[in-house]
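These notes are about the structure you will find just below.
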Amino acid sequence: MSENIFHAPDKFRENAWVKSMDEYKAMYKKSVEDPEGFWGEIAETFYWEKKWDKVRDFNYSMSKGPVFLEWFKNAKTNITYNCLDRHLDTRGDQAALIWEGNSPDEDMVITYRDLHEKVCRFANALKKSGVGKGDRVAIYLPMIPELAIAMMACARIGAVHSIVFGGFSSEALANRIMDSLCKVLVTSDGVMRGAKSIPLKGNADKALKMCADLGHSVGTCFVVNRTGSDVNMVENRDVWWHEAAQAQSAECPVEWMDAEDPLFILYTSGSTGTPKGVQHNVGGYMVYTGTTFKYVFDYHEGDVYWCTADIGWVTGHSYIVYGPLSQGATSIIFEGIPSYPDPGRFWATVDKWKVNQFYTAPTAIRSLMAQGEKWVEQYDLSSLRVLGSVGEPINPEAWQWYHKYVGKEQCPIVDTWWQTETGGIMISALPYAIDQKPGSATLPFFSVQPVVLSEEGKELTGACEGILAIKEPWPGQMRTVYNSHDRFEMTYFQMFDGYYFAGDGCRRDEDGYIWITGRVDDVINVSGHRMSTAEVESALGSHVNVAEAAVIGFPHDIKGQGIYAFVTLNMGVSPSDELMADLKKHVRTEIGPIATPDIINFASDLPKTRSGKIMRRILRKIATDEYDQLGDLSTLSDPDVVGTLINSHKVLM
Ligand code: WT7
């Protein structure tokens, strides 16, 4: 085993925030024994207009009363004051954001002073359009600086942003706008993707029409001019961003927010129902993202940091915008894709900006690994100090490749386990303190107390395997599901009284290291994108020709998981290649391209219990060719369907 443990080289250890396992253990111990003291001390490094009365208060146990959690009670602050204003004197001329465009010859450096001004101008434009504290603003933008500017403009005036990933369809956008009744939408004319420009405003128009039909009119739609494509500007509703912002003052005083006022809503998929609006509040989220950023990436003054995620996901919220900027870092926003103009783009960009910390997803590593080392070897990557991974377990093969070819065996790799709900990183190595084992997220961050539970909810000890849950809150934890506190309690606290139920399974080894084994619910993870099988099923089910659909995840070399749909058709409809293509298109329209099924198996029937419940266990075994492990079929209402499904599966593969 020992050859599979990686100990970071000593070169940067001297300067690291945490230098050894002993130091980590001492800090961890303090953080668990006295979380209020620990976080109170750290919170002092942020700016507060008014300090808290109490660091933490919570109830995690539904049997004792409503679940709640509060951090920094009665304190007042503003996250943009911490991300912008307080840096102006010391680093006003330092790059806050570096924008690397889709095309390698398009880029832009935005200093803290510039960013402050841009945020203020747009904040004033929002105010002018009637947005105030507590109002929701939907943001549907590609990876351009305006995305970060729009979110901070909201935060500055106390509006709650709800970012909808630019790859989602108009339907998905409309549902999210409706759920939180957003007053304003911010979008762009189009998106640049590789060699193509894709329209976005058309989707926004459709979504706003759907909302209006449901009785909700969005007052103003700000449109960023990104691609210069023709768009339809609706009178008295649509406004060009540049015109609106330019007309405003470059000063906008911050709204002092209660630490427990909402900062943003971000929708994510669970095992059932429609996506949930995960709500994060100002104070705890600010402290947690800034602090995890500093320690996990061992960020130091002057470092250039790059996270390749989209700001439309939580990774981008926490580790492109808020975490790095609250620490005064230089953070790169990358508009492009790893394969454009060629598979060397990531490494060319690291070389170009002399990136020190690089954070990406296993799916990106696997797809680049498949293109060969020659794309990496052309560039000087010697600026790199820490590499990060997020979104799904990283398979040891991809880990080794990342370590060898990108990190030149000099860079520790932090495999960071966390979720939209957790706000920030929960389990991860600290690069110079915690030795790494490829495939393991390693050990918990300060004050995070993971436990491994049995199905019955018993805490397992020592080396074991079970369900991952967390005991006691951390500052970055979500506070509620927007407009549905019941759903918050049911989803995360009902299963095991007194614990936060994460939805993942895990194994803990003899060194206490955590190995995430994947979701234990019906959530699938496709290229790091989280999806519920139920959502894809209901999209398929809404097609006129579909009687029923059952969707499962199956192992996929690049994506981690692919989407496998078993579909039965309405009476009189026959399967065909055209219908298959049409169903895929239908899912794209209903949800977005990321939800497109990889495989559609047209079935005459689905395996069901006598009470009519689809037996997904059997479908999973068919999808992975494990026909000999189908288990007991005697409870099926019609055991013969299994053979038919296996035959059609074999034809497809
Ligand atoms: C789910 C959360 C956290 C930001 C991106 C995803 C899986 C995430 C890891 C990791 C193993 C991971 C889990 C988790 N996941 N990171 N390092 N190792 N699994 O956020 O969309 O809320 O998805 O992603 O299954 O529950 P998300």
Side-chain angles (χ1 to χ4, degrees), residues 56-71 136 160 162 172 175-176 178-181 260 262-281 284-285 314 417-423 426 448-459 466-506 516 518-525 530-539 541 551-553 591 611-614 616:
R56 162 183 107 158
D57 199 5
F58 74 102
N59 171 40
Y60 251 32
S61 165
M62 283 178 80
S63 63
K64 297 202 179 107
V67 174
F68 76 92
L69 50 129
E70 289 177 327
W71 285 86
R136 278 81 53 215
V160 179
S162 168
N175 292 338
R176 286 159 176 75
M178 287 308 295
D179 185 73
S180 49
L181 297 177
E260 287 297 341
L263 173 63
F264 67 84
I265 305 167
L266 182 59
Y267 288 85
T268 194
S269 300
S271 40
T272 53
T274 50
K276 294 183 286 280
V278 168
Q279 181 183 312
H280 284 286
N281 290 1
Y285 176 84
V314 74
W417 176 84
W418 58 295
Q419 311 175 295
T420 306
E421 293 89 336
T422 70
M426 298 288 282
V448 173
Q449 298 184 52
V451 292
V452 186
L453 301 179
S454 69
E455 304 252 339
E456 297 76 36
K458 204 169 124 309
E459 271 188 43
I467 296 160
L468 177 61
I470 316 282
K471 205 156 73 172
E472 297 198 18
W474 59 98
Q477 184 171 17
M478 74 182 286
R479 298 302 194 262
T480 192
V481 170
Y482 184 78
N483 253 342
S484 181
H485 199 67
D486 277 1
R487 203 166 164 204
F488 173 65
E489 293 183 318
M490 300 301 217
T491 313
Y492 305 106
F493 296 93
Q494 193 193 37
M495 189 86 100
F496 302 107
D497 196 57
Y499 300 95
Y500 166 80
F501 165 65
D504 282 300
C506 76
I516 305 293
R519 300 287 305 197
V520 295
D521 53 13
D522 288 323
V523 169
I524 51 176
N525 189 327
R530 174 168 163 184
M531 234 168 299
S532 94
T533 52
E535 266 173 90
V536 185
E537 283 166 7
S538 88
V551 169
I552 54 163
I591 306 176
S611 61
K613 197 170 165 338
I614 297 174
R616 284 156 207 286

Evaluation steps, side-chain contact (heavy atoms from CB on, under 4.5 Å), between Val520 and Phe501: CA-CA 11 Å; Val520 295; Phe501 165 65; 3.9 Å; yes
Residues, nucleotides or ligands: over 12 heavy atoms within 6.0 Å of Met178 CE: yes
Donor-acceptor contact below 3.5 Å, side chain Arg519 vs main chain Ile524: no
Side-chain H-bond candidate by donor/acceptor type, Ser61 with Asp497, under 3.5 Å: yes
Minimum heavy-atom distance Leu453-Phe496, with the two atoms named: CD1-CG, 3.5 Å
Between Gln477 and Tyr500: side-chain donor-acceptor atoms closer than 3.5 Å: no
Centroid-centroid distance, Tyr60 to Phe493, less than 6.0 Å: yes
Option among Gln279, Glu70, Glu260, His485 that satisfies the side-chain hydrogen bond (donor to acceptor under 3.5 Å, both in side chains) test with Arg479: Glu260
Closest non-hydrogen atom pair, Ser180 against Arg136: O-NE, 2.8 Å
Shortest non-hydrogen separation from Gly65 to Asn59 and the atoms involved: O-ND2, 3.0 Å
Non-hydrogen atoms of Trp474 and Thr422 that approach each other most closely: NE1-O, 2.9 Å
Nearest-0.5 Å distance that lies between atom CZ in Arg530 and atom OG1 in Thr268: 3.5 Å
Evaluation steps, side-chain contact (heavy atoms from CB on, under 4.5 Å), between Phe488 and Lys276: CA-CA 9 Å; Phe488 173 65; Lys276 294 183 286 280; over 6 Å; no
Full working for side-chain contact (heavy atoms from CB on, under 4.5 Å) between Asp504 and Trp417: CA-CA 10 Å; Asp504 282 300; Trp417 176 84; 3.1 Å; yes
Sub-4.5 Å side-chain heavy-atom contact between Glu535 and Pro275: yes
Nearest-0.5 Å distance that lies between atom CG in Asn281 and atom CG in Leu69: 8.5 Å
Min side-chain heavy-atom separation Trp418-Val314 under 4.5 Å: yes
NZ on Lys458 to CD1 on Ile467, rounded to 0.5 Å: 13.0 Å
Modelled atom types, side-chain donor and acceptor of Tyr267 and Asp179, under 3.5 Å: yes
Closest contact, heavy atoms only, Arg487 versus Val481: C-CG2, 4.3 Å
His280 and Tyr285 aromatic ring geometry - parallel, tilted or perpendicular at 30°/60° bounds: tilted
Steps toward side-chain contact (heavy atoms from CB on, under 4.5 Å) verdict (Ile591, Met531): CA-CA 10 Å; Ile591 306 176; Met531 234 168 299; 5.6 Å; no
Considering all heavy atoms, the nearest Gly270-Ser532 contact: O-CB, 2.6 Å
Val278 vs Gln419 side-chain heavy atoms within contact, under 4.5 Å: no
Separation of Ile516 CD1 from Asn525 CG (nearest 0.5 Å): 11.5 Å
